[in-house]
There are 2 protein chains.
Amino acid sequence: MEFKEAKNKFVQTWGALGSQWGINKTMAQIHALLMVSNEPVSMEDVMEELQISRGNASMNLRALMDWGIVYKEYKAGERREFFTAEKDLDELAVKIARERSKREIKPALKILKEVSSINSKDSAEEKHFVEQTTKLYDFVLKADNMLDKMTEINENWLGRLVLKIMK
Amino acid sequence: MEFKEAKNKFVQTWGALGSQWGINKTMAQIHALLMVSNEPVSMEDVMEELQISRGNASMNLRALMDWGIVYKEYKAGERREFFTAEKDLDELAVKIARERSKREIKPALKILKEVSSINSKDSAEEKHFVEQTTKLYDFVLKADNMLDKMTEINENWLGRLVLKIMK
DNA sequence: TTAAACTTTCAAAAATAAATGAAAGTTTAT
DNA sequence: ATAAACTTTCATTTATTTTTGAAAGTTTAA
């Protein structure tokens, strides 16, 4: 395979993966592009390489910065702005996990708590509902905490051990 | 809050969460409905409760069964089929993780391996590409393995300890 | 074997999400 | 202060995904 082909294939693949995991396709593609770029990339370059409009590029670069996984960079003597991606993958994972937790899981937890707190009265149906949603609340909370703490695993000794055992 | 309202809220919330995590909205809603149902639910009931068409109900129930998280059930003396959801949440998580790994991560890994194996020749650009995609491959592989093994944590002694520490 | 009771399929329609591009907004050098 | 160089916004268009519903397919009881 040739470099250009490989690069293109990578960008497409990362884009598809992203869109399956709740990040939109173009956003993931831009991120992919920046990830494998040697040096900062201008918005013009992004538009050119991905064949997308200025507005699209602008909005998705902004979104990536909101997620904290892409940074603006200024080159001395250059008017326009350049962009680079967070390249430390552990850091990347933490930031994505945090953002999704904040945007999606936390609000869902709030509602799970609400609905699991109804006065279950008498019927077996209602009792079952409360029981089931309570379990779900606990489970999602646990999963969310694991997500939060996941990367700490990489940073401490016990974690490394666990990783080894889990392998 | 009243039971009916709570139930509805729960179904909506679970649906939204599902659609953000790669499972379509109706599929997640049906799953939610079955999760909190005391007893097996017929397709007719699903259509009625979620106000969806027969075709939609049929296709999504089928998809849920393909994922292995909803089961058909037959009632003695009844012609039509009833459905129940996997209610053990650990089991549910494993099945979802396995399915997504199979459908999304494994294919992506294959391509990551491919593109990271190009002959990096000379340019710094190409070298960086190979380096970066190789790291990504390793990382995604590691994450995928963790997903695979995640639930084992709940099943063994060391795991429980780790969970406690991570809390 | 037939017909009633039910489920599945799939082309077309509807709903939703994403992209465009021109106009408005900023910033910076002079 | 001005204009050039650049970025952002957002109403409209385009693309994608989901839903519908009627027809085709299945299964079962008699």
Side-chain angles (χ1 to χ4, degrees), chain A residues 11-34 40-67 70-84 100 103-104, chain B residues 11-34 40-67 70-84 100 103-104:
Chain A
V11 170
Q12 294 306 120
T13 303
W14 203 244
L17 205 60
S19 70
Q20 275 154 342
W21 288 82
I23 287 150
N24 97 22
K25 195 184 69 180
T26 306
M27 197 171 146
Q29 286 182 346
I30 295 177
H31 183 251
L33 192 62
L34 298 188
V41 172
S42 71
M43 204 163 91
E44 213 69 40
D45 295 339
V46 170
M47 290 165 58
E48 169 64 24
E49 286 234 37
L50 301 180
Q51 289 292 305
I52 59 174
S53 71
R54 189 170 294 286
N56 197 6
S58 170
M59 286 178 90
N60 283 110
L61 278 167
R62 148 74 77 128
L64 284 163
M65 288 189 296
D66 287 349
W67 280 60
V70 159
Y71 312 110
K72 255 188 195 165
E73 241 171 63
Y74 298 95
K75 276 191 185 172
E78 273 274 17
R79 181 71 167 279
R80 66 215 155 121
E81 301 167 334
F82 290 82
F83 302 88
T84 34
R100 300 205 60 180
R103 293 179 193 219
E104 297 153 18
Chain B
V11 170
Q12 294 307 119
T13 304
W14 204 244
L17 205 61
S19 70
Q20 275 154 341
W21 288 82
I23 286 150
N24 99 18
K25 195 183 70 181
T26 306
M27 196 169 146
Q29 287 183 344
I30 294 177
H31 183 251
L33 191 62
L34 299 187
V41 173
S42 72
M43 204 163 92
E44 212 69 38
D45 294 339
V46 171
M47 289 165 57
E48 170 64 23
E49 286 233 40
L50 301 180
Q51 290 291 306
I52 59 174
S53 71
R54 188 170 295 285
N56 199 3
S58 170
M59 284 176 89
N60 283 113
L61 277 168
R62 147 74 77 128
L64 284 164
M65 289 189 294
D66 287 348
W67 280 60
V70 159
Y71 312 110
K72 256 188 193 161
E73 239 171 65
Y74 297 96
K75 276 192 184 171
E78 274 275 15
R79 180 70 168 281
R80 62 214 159 120
E81 300 168 338
F82 291 83
F83 301 89
T84 36
R100 299 205 63 182
R103 292 181 194 216
E104 297 152 19

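In what follows, every chain begins at residue 1, and chains take the letters A, B, ... in the order their sequences are listed.
To the nearest angstrom, C1' of D:dT20 lies 8 Å from CG of B:Asn56. Rounded to a whole Å, the CG atom of A:Leu50 is 16 Å from the P atom of C:dA18. If you take CD of B:Glu44 and P of C:dA5, they are 13 Å apart, rounded to a whole angstrom. Taking atom CZ of residue B:Arg80 and atom C1' of nucleotide C:dT7, one finds them 13 Å apart after rounding to whole Å. To the nearest angstrom, C1' of C:dC6 lies 14 Å from CG of B:Asp45. With rounding to whole Å, A:Tyr74 atom OH is found 11 Å from D:dC6 atom C1'. The interatomic distance linking B:Arg54 (CZ) with C:dC10 (C1') rounds to 16 Å, in whole Å. Between the CD1 atom of B:Ile30 and the P atom of C:dT7 there is a distance of 13 Å, given to the nearest Å.
Here the CD1 atom belonging to A:Ile52 is positioned 5.5 Å from the OG1 atom belonging to A:Thr26, to the nearest 0.5 angstrom. Atoms CG and CD1, on B:Asn24 and B:Ile30 in that order, are 8.5 Å from each other to the nearest 0.5 Å.
With no hydrogens or angles considered, no side-chain donor-acceptor pair links A:Asn56 and A:Ser53 at under 3.5 Å.
Here the nucleotide nearest the side chain of B:Ser58, chosen from D:dT7, D:dT19, C:dT9, is C:dT9. Here D:dT8 is the nucleotide among C:dA18, C:dC10, D:dT8 with the atom lying nearest to any side-chain atom of A:Met43. The side chain of B:Ser53 approaches D:dG21 more closely than any other nucleotide in the set C:dC6, C:dA19, D:dG21. Among the nucleotides C:dT9, D:dT8, C:dT8, the one closest to any side-chain atom of B:Lys72 is C:dT8. Taking the side chain of B:Ile52 as heavy atoms from C-beta on, and the options D:dT20, C:dT9, D:dC10, the nearest nucleotide is D:dT20. With distances taken from any side-chain atom of A:Arg62 to the nucleotides D:dT7, D:dT9, C:dA18, the minimum falls on D:dT9.
Within 4.0 Å of A:Asn24, counting heavy atoms only, lie sugar-phosphate atoms of the nucleic acid but no base atom.
Within the 4.0 Å cut-off from OP1 or OP2 of D:dT19, at least one side-chain nitrogen or oxygen of B:Thr26 is found.
Within a 6.0 Å radius of CE in B:Met59, no more than 12 heavy atoms belonging to other residues, nucleotides or ligands are found.
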- [ ] Dump the intermediate steps for side-chain contact (heavy atoms from CB on, under 4.5 Å) on A:Trp67 and A:Arg100, then the final yes or no.
- [x] CA-CA 9 Å; A:Trp67 280 60; A:Arg100 300 205 60 180; 3.7 Å; yes
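Along DNA chain D, the nucleotide nearest to A:Lys25 and the one nearest to A:Glu81 differ in position, and the one closer to the 5' end is contacted by A:Glu81.
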